[in-house]
Amino acid sequence: MQTKQRSKYQKIVIGIVSILGILFMGSWLVLQTKMHPPSIQAQRVSESAKEEKHYTFYSGGNKESIGLIFYPGGLVDPASYSLWAQQVAQAGYDVYVVHFPLNLAVLAPNRAEEIQAAHPKKRFVLAGHSLGGVMASRYLVSNADAIEGMVFLASYPDQKGALNTLEVPVLSITGTNDGVLNVEAYESAKQYLPSDTRYEVIKGGNHAGFGSYGKQKGDHQATISNDEQQAAIRQQLIQWLEQFD
């Protein structure tokens, strides 16, 4: 009798595990269809950078300069940001584009601490695109003594990432043709930003143009080329980073 009951329980457990496995695979496949791979050009540039376990490193060649730790947008391949990352590095600033499980920063929001731990004498600012900006600002709040500034690309903080009580420089960059950014939420979130936050707008730029990965559902058509938007991002980032020299 006990053998039969044990066999029955084993079948139930196997059935539950099988169902969970199917659900996991189904969810994974759904996520895969929504992933945003990099453009061919961005992929090639990324391959020329140094690939670490949890980030891609674009060397600025200046150990004294401040480093920029970047959190990609949700479901966006980190290689998609290689164009402006390389350009900022060429100006002398180290850039660390973080890798996350399933390309979702929410699954490993504290991954920046690995980079900080590996470079204990280096100064850092954080940056993030879309969902990546939300998670990066939360990390900054928890590590305010170790991070010197924050950049939002088509992004904004939530209450958990409120920076309005911290004395840190903040840069916010948006595009006029962004169809993904929730404008109402973006305006409301300004209450969580310092009063001296610097706001910049890229005329004709859209949400996907903050990386190089093609079209994104819900986004508007950019009226400038991706190269032009990348150049605008590079210019604004470099100008902002110069205050830390």
Side-chain angles (χ1 to χ4, degrees), residues 36 38-39 42 46 55-56 58 66-89 91 93 95-100 103-106 109 112 124-140 147 149-158 161 163 168-183 185-187 189-190 192-194 197-214 216 218-220 222 224 226-241:
H36 300 291
S39 65
S46 175
Y55 62 91
T56 303
Y58 300 83
I66 198 161
L68 186 149
I69 300 174
F70 181 74
Y71 280 30
L75 302 178
V76 181
D77 189 297
S80 302
Y81 302 95
S82 64
L83 303 184
W84 64 253
Q86 183 190 62
Q87 293 167 356
V88 171
Y93 301 99
V95 179
Y96 306 77
V97 179
V98 186
H99 303 176
F100 294 102
N103 291 330
L104 290 169
V106 69
F124 289 102
V125 296
L126 286 178
H129 175 218
S130 200
L131 177 62
V134 178
M135 304 315 297
S137 62
R138 289 186 183 183
Y139 178 82
L140 192 158
I147 302 295
M150 177 72 208
V151 181
F152 293 95
L153 301 184
S155 181
Y156 50 85
D158 61 5
L163 307 176
V168 292
V170 176
L171 171 65
S172 173
I173 309 176
T174 55
T176 58
N177 290 35
D178 193 328
V180 177
L181 181 69
N182 185 322
V183 177
Y186 172 80
E187 291 296 331
K190 288 182 177 180
Y192 302 130
L193 293 174
T197 293
R198 179 175 169 181
Y199 296 95
E200 297 289 349
V201 178
I202 299 176
K203 187 175 181 180
N206 65 1
H207 198 80
F210 283 96
S212 182
Y213 54 89
Q216 186 167 352
D219 205 3
H220 298 318
I224 59 175
N226 185 253
D227 283 345
E228 289 174 316
Q229 187 162 347
Q230 297 296 298
I233 296 166
R234 172 204 67 203
Q235 181 180 17
Q236 291 174 10
L237 284 175
I238 292 172
Q239 288 179 349
W240 184 80
L241 288 168

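Computed from a prediction, not measured in an experiment: that's the story for all the values here.
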Heavy-atom closest pair, residues P72 and V97: CG-CG1, 4.0 Å
Aromatic ring pairing H207/H129, orientation class (parallel under 30°, perpendicular over 60°, tilted between): tilted
Straight-line distance of R198 CZ to L193 CG, nearest 0.5 Å: 15.0 Å
Non-hydrogen atoms of Y96 and G67 that approach each other most closely: CE1-CA, 4.3 Å
For Y192 against P157, the heavy-atom pair lying closest together: CD1-O, 3.7 Å
Residue pair L237 / F70, side-chain heavy-atom distance below 4.5 Å: no
Test item: side-chain donor near acceptor, Y186 and S172, under 3.5 Å: yes
Interatomic spacing from CD1 in I233 to OH in Y81 - rounded to 0.5 Å: 9.5 Å
Short side-chain to backbone donor-acceptor contact, T176 and G204, under 3.5 Å: yes
V98 side chain reached by P78 side chain, heavy atoms, under 4.5 Å: no
Counterpart residues, side chain to side chain donor-acceptor pair (under 3.5 Å), relative to T56 (two or more places apart): E51, H99
Side-chain donor or acceptor of Q230 paired with backbone N/O of G209 under 3.5 Å: yes
Residues forming a side-chain contact (heavy atoms from CB on, under 4.5 Å) with Q236, sequence neighbours excluded: I173, E200, I202
Aromatic ring proximity, centroids under 6.0 angstrom, F100 and Y71: yes
Rounded distance (nearest 0.5 Å) linking atom CG of L68 with atom CG of L126: 8.0 Å
Side-chain donor/acceptor of D219 to backbone N/O of L181, under 3.5 Å: no
Approximate separation, where rounding is to 0.5 Å, of L131 CG and D158 CG: 9.5 Å
Main-chain N/O of Q229 paired with W84 side-chain donor or acceptor, under 3.5 Å: no
With Y199 via side chain to side chain donor-acceptor pair (under 3.5 Å) - residues at least two apart: none
side-chain contact (heavy atoms from CB on, under 4.5 Å) against P38, all qualifying residues, sequence neighbours excluded: A42, Q43, D77, A79, S80
Main-chain N/O of L83 paired with Y58 side-chain donor or acceptor, under 3.5 Å: no
Shortest non-hydrogen contact from V168 toward G149: CB-CA, 4.4 Å
With A91 via side-chain contact (heavy atoms from CB on, under 4.5 Å) - residues at least two apart: Y93, I238
Counterpart residues, side-chain contact (heavy atoms from CB on, under 4.5 Å), relative to A222 (two or more places apart): N206
S212/S39 under side-chain hydrogen bond (donor to acceptor under 3.5 Å, both in side chains): CA gap, chis, key distance, verdict: CA-CA 6 Å; S212 182; S39 65; 2.8 Å; yes
For the student: nearest non-hydrogen atoms of M150 and G133, plus distance: CE-O, 3.7 Å
